[in-house]
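When a residue number appears, it is its place in the shown sequence, counting from 1.
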Amino acid sequence: MGQAKKARTHAEMTAETTAKLVSAARRSFGSRGYAETPMDELCAEAGLTRGALYHHFGGKPGLLEAVVRQIDEEIGDRLEAHYSGIGDPWEAFRACNIEYLRLALDPEIQRIVLRDAPAVLGQRLREIDEDGSIGPLAEALDQLMRAGRIVACDAEVMARLLNGALVDAALWIAAGDDPEARFERSARSVELMMKGLER
């Protein structure tokens, strides 16, 4: 019984430590950028040592990955809430694709997920994106096919094509001098893609 209590306490301490590091990193990466965030300052802000960062994340890139995963999960929650707020499944699907692009206008998402993460994480970022995006997209497409709302297609392949297009457009939106204008252009093009799917 005593050992179980000790294990729980250790797990709680680990969770608290990682949460402090991720929170401090997210604030600094979002305001200053990944490259401009010194590890010593980040650890000092979290009230922890550099050793704690290496122990839990293996280094600064691992910490960035944890921040990206946290933001990615929040994006998923936001899109799910957006989807649930629209009664018609096809209209909800269309709206969520546009909403995903709109998130590229968020300064924190722009800087951390769309600018710094691709440069630092490379292929790893693609794997993170696929973990959270392809399955739900394919499932939504499959449901829409069964409901007769879209043309018959290979749901997994179509999910990969849509995801690739949306991610690339989001990167393009974030990289421009006028992201709002790029968003509007991208949203119109996504609507054309959706029309091609609609039955």
Side-chain angles (χ1 to χ4, degrees), residues 17-48 53 56-57 59-86 92-134 136-137 162-191 193-194:
T17 299
T18 56
K20 282 181 181 177
L21 284 165
V22 169
S23 179
R26 185 168 175 172
R27 280 193 303 274
S28 191
F29 294 165
S31 61
R32 300 169 69 175
Y34 176 86
E36 290 74 30
T37 298
M39 288 197 351
D40 289 334
E41 284 184 28
L42 193 153
C43 292
E45 185 185 336
L48 297 161
L53 188 153
H56 293 290
F57 298 102
K60 196 174 167 188
L63 185 54
L64 175 62
E65 180 178 331
V67 171
V68 168
R69 284 186 180 278
Q70 185 182 74
I71 295 172
D72 208 42
E73 190 173 321
E74 290 170 12
I75 288 172
D77 291 343
R78 285 164 71 174
L79 291 175
E80 181 62 38
H82 195 72
Y83 185 91
S84 300
I86 301 171
F93 183 79
R94 288 174 60 240
C96 279
N97 281 282
I98 302 298
E99 187 61 21
Y100 177 84
L101 293 179
R102 194 186 313 278
L103 292 173
L105 299 174
D106 182 299
E108 182 186 53
I109 292 173
Q110 275 186 10
R111 177 162 236 164
I112 297 175
V113 179
L114 299 173
R115 290 186 187 149
D116 288 345
V120 176
L121 300 177
Q123 178 62 27
R124 186 76 189 116
L125 181 63
R126 181 175 175 151
E127 292 166 7
I128 294 167
D129 180 59
E130 285 194 4
D131 285 348
S133 302
I134 303 300
L137 260 178
L162 276 174
N163 185 65
L166 291 168
V167 169
D168 194 66
L171 290 166
W172 181 69
I173 290 166
D177 292 333
D178 190 350
E180 192 71 46
R182 287 189 173 195
F183 162 71
E184 295 295 341
R185 290 170 63 192
S186 299
R188 287 194 296 270
S189 294
V190 167
E191 288 288 6
M193 290 169 63
M194 294 296 104

Carboxylate-amine/guanidinium proximity below 4.0 Å for Arg69 and Glu65: yes

Strictly below 4.0 Å, N to O, side chains only: are Arg124 and Glu127 in salt-bridge contact? yes

Heavy atoms of Ala46 and Leu21 approach each other most closely as CB-CD2, 4.1 Å

Can you check whether Thr18 reaches Phe57 side chain to side chain, under 4.5 Å on heavy atoms? yes

State, with a plain yes or no, whether a side-chain heavy atom of Trp172 is found less than 4.5 Å away from one of Val167. no

Hey, are the side chains of Ile109 and Ile71 touching, using non-hydrogen atoms and a 4.5 Å cut-off? yes

Answer yes or no: are there more than 12 heavy-atom neighbours, outside Glu73 itself, under 6.0 Å from its atom CD? no

I'd like to know if the side chain of Gln110 and the backbone of Ala104 have a donor-acceptor N/O pair within less than 3.5 Å. yes

Beyond-backbone contact of Asp106 with Arg78, side-chain heavy atoms, under 4.5 angstrom: yes

For Asp178, check side chain to side chain contact (heavy atoms under 4.5 Å, CB included) against everything at least two apart and list the hits. Glu180, Ala181

Flag the pair Glu108 and Arg26 as a salt bridge only when some basic side-chain nitrogen lies within less than 4.0 angstrom of an acidic carboxylate oxygen. yes

So which heavy atom on Leu101 is nearest to which on Ala170, and how close? CD2-N, 4.0 Å

Should Arg102 and Glu99 be marked as a salt bridge (charged side-chain N to carboxylate O under 4.0 Å, His left out) after you check the CA-CA gap, both sets of side-chain angles, and the distance that decides it? CA-CA 5 Å; Arg102 194 186 313 278; Glu99 187 61 21; 3.1 Å; yes

Got a donor-acceptor contact below 3.5 angstrom from the Lys20 side chain to the Glu45 backbone? no

Ignoring hydrogens and geometry, is there a side-chain-to-backbone donor-acceptor pair from Asp116 to Tyr34 under 3.5 Å? yes

Please round to the nearest 0.5 Å and tell me the distance separating atom CZ of Phe93 and atom CD1 of Ile98. 11.0 Å

How close do Val22 and Ala66 get, counting heavy atoms only, and between which atoms? CG2-CB, 3.9 Å

Residues pairing under salt bridge (Lys or Arg N to Asp or Glu O under 4.0 Å) where one sits in residues 165-174, two or more places apart or in two chains, turn out to be none

How far apart are the closest heavy atoms of Pro61 and Val120, and which atoms are they? CB-CG1, 4.2 Å

Under the salt bridge (Lys or Arg N to Asp or Glu O under 4.0 Å) rule, what pairs show up with a residue in residues 30-40, not counting sequence neighbours? Arg32-Glu41, Asp40-Arg50

Could you give the distance from CG (Asp72) to OG (Ser133), rounded to the nearest 0.5 Å? 6.0 Å

Indicate yes or no: at least one non-hydrogen side-chain atom of Thr17 is less than 4.5 angstrom from one of Leu48. yes

Hey, is the main chain of Ala174 close enough, under 3.5 Å, to the side chain of Arg182 for a donor-acceptor pair? no

Interatomic distance, Ile86 atom CD1 to Cys96 atom SG [nearest 0.5 angstrom]: 6.0 Å

Can you tell me if CZ on Arg111 sees more than 12 non-hydrogen neighbours from other groups inside 6.0 Å? yes

Lys60 (side chain) donor-acceptor with Pro38 (main chain) under 3.5 angstrom: no

Between Ser28 and Ala24, is there a donor-acceptor pair closer than 3.5 Å when you use the side chain of the first and the backbone of the second? no

The reported gap from CG in Asn97 to CE in Met193 (rounded to nearest 0.5 angstrom) is 7.5 Å

Within-4.5 Å side-chain heavy-atom neighbours: Val67 and Val113: no

Any side-chain heavy atom of Val190 within less than 4.5 Å of one from Met194? yes

Kindly say whether Ala19 contributes a backbone atom to a donor-acceptor pair with the side chain of Ser23 at under 3.5 angstrom? no

Taken to the nearest 0.5 Å, the spacing of Leu79 CG from Tyr100 OH works out to 8.5 Å

Mind checking the CG-CG spacing from Leu114 to Leu125? Nearest 0.5 Å is all I need. 8.5 Å

